[in-house]
Amino acid sequence: MASDQRPWGSFTVLEENRGYKIKRIEVKPGHRLSLQMHHHRSEHWIVVSGTAKVICGDQEMLLSSNQSTYVPPCTAHRLENPGVLPLVLIEVQNGEYLGEDDIVRFQDDYARTPDPEDCPSA
């Protein structure tokens, strides 16, 4: 399985089928993904190792190993690694459309364009 490298870390698609996709996501210490939302999918995040700072709607939480959270469709969310060790988590996406172009970015530390056509992933 090939990993896709991003400025914040990397992700690997572990399995994909109709209606779901499973990813392994690794976030470098001190980095975070864009504040974003998806119209067509929900996401479940399960922390494998490290600490995750999660923003989901108007909630902010810290999750550690073996803890999880749910991100509903059309909800602004962000994943951050506030720790000194890599954050590893499993993401389970559910929905009728799981394309990487279903990302609406509200804020991004890496100056990636908010245009989904130019944004292949979180």
_Residue pair Leu33, Phe11: steps toward the side chain to side chain contact (heavy atoms under 4.5 Å, CB included) verdict_ = CA-CA 12 Å; Leu33 284 66; Phe11 73 86; over 6 Å; no
*Please lay out, stage by stage, how Arg41 and Ile103 fare under the test side chain to side chain contact (heavy atoms under 4.5 Å, CB included).*
CA-CA 10 Å; Arg41 72 176 184 244; Ile103 295 174; 4.2 Å; yes
*Quick one: do Ser10 and Asp4 satisfy side chain to side chain contact (heavy atoms under 4.5 Å, CB included)? Show the steps, please.*
CA-CA 5 Å; Ser10 64; Asp4 282 36; over 6 Å; no
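By the rule that hydrophobic residues join a cluster once side-chain heavy atoms approach within less than 4.5 Å of another member, Leu98 and Val13 end up as members of separate clusters.
Within the 4.5 Å cutoff, side-chain heavy atoms of His39 are placed close to those of Asp102. Taking the side chain as every heavy atom from C-beta outward, Met61 and Lys53 never approach each other to under 4.5 Å.
Contact detail for Arg32 and Tyr110: the closest heavy-atom pair is O-CE1, 3.3 Å. Between Lys28 and Arg6, the shortest heavy-atom distance links the atoms NZ-O, 4.4 Å.
Here the NZ-OG1 distance, from Lys23 to Thr12, works out to 10.0 Å after rounding to the nearest 0.5 Å. Rounded to the nearest 0.5 angstrom, Gln107 CD and Ile55 CD1 are separated by 8.5 Å. To the nearest 0.5 angstrom, Leu35 atom CG is 12.0 Å from Leu79 atom CG.
In Gln5, the CD atom is crowded: over 12 heavy atoms of neighbouring residues, nucleotides or ligands sit closer than 6.0 Å.
Screening Glu15, Glu16, Glu43 for a salt bridge (charged side-chain N to carboxylate O under 4.0 Å, His left out) involving Lys21 leaves a single residue, Glu16.
Side-chain atoms of Arg105 and Ser34 form a donor-acceptor pair, as typed in the model, at a separation below 3.5 Å.
Comment: Glu26 engages Arg24 in a salt bridge, judged by a side-chain N to carboxylate O separation of less than 4.0 angstrom.
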Please output the side-chain donor-acceptor pairs of residues 62-74 that fall under 3.5 Å, not counting sequence neighbours, one pair per line with the distance.
unit_1, atom_1, unit_2, atom_2, d
Ser64, OG, Gln67, OE1, 3.2
Ser65, OG, Val48, O, 3.0
Gln67, OE1, Ser64, N, 2.7

Contacts under 3.5 angstrom, residues 81-97 side chains, donor-acceptor by atom type, not counting sequence neighbours:
unit_1, atom_1, unit_2, atom_2, d
Asn81, OD1, Gly83, N, 2.9
Asn81, ND2, Val27, O, 2.9
Asn81, ND2, Leu85, O, 2.8
Glu91, OE1, Trp45, NE1, 2.9
Glu91, OE2, Gln93, NE2, 2.7
Tyr97, OH, Asp101, OD1, 2.4
Tyr97, OH, Asp101, OD2, 3.2

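In terms of the ring pair (Phe, Tyr, Trp, His ring centres under 6.0 Å) criterion, Tyr20 has no residue partners (sequence neighbours excluded).
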